[in-house]
Amino acid sequence: MTATKPRGYTPGQLTVHADPPALHAVTRTLKGAGRRIALVPTMGALHDGHRELIRHARLAKGASVTVVSIFVNPLQFGPGEDLERYPRPLEADLEMCREEGVELVFTPGVEDMYPAGADTTVSPGALGDEMEGAVRPGHFAGVLTVVSKLFHVVAPDVAYFGEKDYQQLVLVRKMARDLDFPLDVVGVPTVREDDGVARSSRNAYLSAADRPRAAVLQEALRAGASVSAQGPEAVLAAARAVLAREPALELDYLELRDPDLRPDVRQGKARLLVAARLGTTRLIDNITVQLEI
Ligand code: PAF
């Protein structure tokens with residue numbers, strides 16, 4: 001073993017680790033040798049949105065080793081959610097990682113991340129109970145718990161999260177700050193399909209008939225953003241009017257907030273966020289809105 005080539009790491013090749021201490025030893029050694037570590041946390045079923053996260057990680061200045069974690073985290077699924085049917089195409093995921101030049105993939109089992117008796121969790125604070133958290137109680141405690149564990153295992157210098165899950169991005173950034181994780185949390189803009197639908201592993205659940213209905217979410221957000229000069233009420237009304245045209249969409253929330261998701265934003269940069277159900281599939285999306293100063 002040399003300082004830059006620890007056991008369990010071969011430069012230019014993909015190595016898969018399932019054991020947290022083994023991966024930790026590899027990243028510690030690489031860091032000790034002056035390499036920066038970039039982490040892309042995922043639940044697998046990788047699509048072009050993840051590819052974009054990986055590319056940001058690979059191309060970031062000085063981020064010389066990229067770790068992609070693939071772990072369907074049971075803690076962030078509520079009762080009746082899609083934990084069992086969540087897609088797990090591991091071979092295809094590894095192929096994408098290889099194509100993108102990823103060198104380390106972390107695929108722990110549930111018992112590796114949550115050994116018997118592990119019941120300590122990270123509490124997300126008040127924002128964790130709003131919007132997604134109001135519809136999915138406990139979801140963000142599950143997300144923050146697994147992300148904090150991934151931060152400890154991988155010890156990244158930088159971690160990449162998609163802006164599609166905007167509330168998750170804000171909460172992870174806040175956790176990193178509040179709990180003194182020494183890393184940068186970087187948000188990557190949402191990748192969209194040709195019809196405007198935000199890329200998501202859950203799009204696989206949509207029927208052909210549902211696809212155009214799903215696209216209405218993005219149309220509503222764009223309609224809202226297009227009248228931003230007229231103020232927050234106009235933004236919300238324009239988005240609501242488009243959503244109302246699609247009766248199959250059951251709206252969970254439509255919110256206009258500041259970039260840190262504080263409510264009652266009146267001017268400057270804001271975020272318009274929507275969540276709706278199409279049958280049993282939940283869809284979320286968001287967009288930046290520039291309100292008149
Ligand atoms: O966004 C996701 O895929 C998950 O919430 C994450 C961040 C990998 C934690 O399980």
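Every number for a ligand or one of its atoms is a count from 1 in the order of the listing. When a residue number appears, it is its place in the shown sequence, counting from 1.
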Q. Any Lys/Arg nitrogen of R98 or E95 sitting under 4.0 Å from an Asp/Glu carboxylate oxygen of the other?
A.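 Yes, charged N to carboxylate O under 4.0 Å.
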
Q | Result of checking N286, D258, D260 against R271 for side chain to side chain donor-acceptor pair (under 3.5 Å) | A |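 That would be N286.
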
Show which atoms of ligand 1 fall inside a sub-4.0 Å distance from at least one heavy-atom site of [X].
X    : result
T42  : 8 (C)
P41  : 8 (C)
V146 : 9 (C), 10 (O)

**Q.** Worked verdict on Y166 versus D285 for side chain to side chain donor-acceptor pair (under 3.5 Å)
**A.** CA-CA 8 Å; Y166 191 79; D285 204 347; over 6 Å; no

Q) Among H139, H50, Q76, which one has a heavy atom closest to atom 10 (O) of ligand 1? A)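 Selected option, by shortest heavy-atom distance: Q76.
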
Q. Are D82 and Y205 linked by a side-chain donor-acceptor pair shorter than 3.5 Å?
A. yes

(Q) Side chain or backbone, does Q168 bring an N or O within less than 3.5 Å of an N or O on ligand 1? (A) yes

Q. When you look at Y253 and E132, which way does the side chain to side chain donor-acceptor pair (under 3.5 Å) test go after all the steps?
A. CA-CA 9 Å; Y253 59 81; E132 280 305 286; 2.6 Å; yes

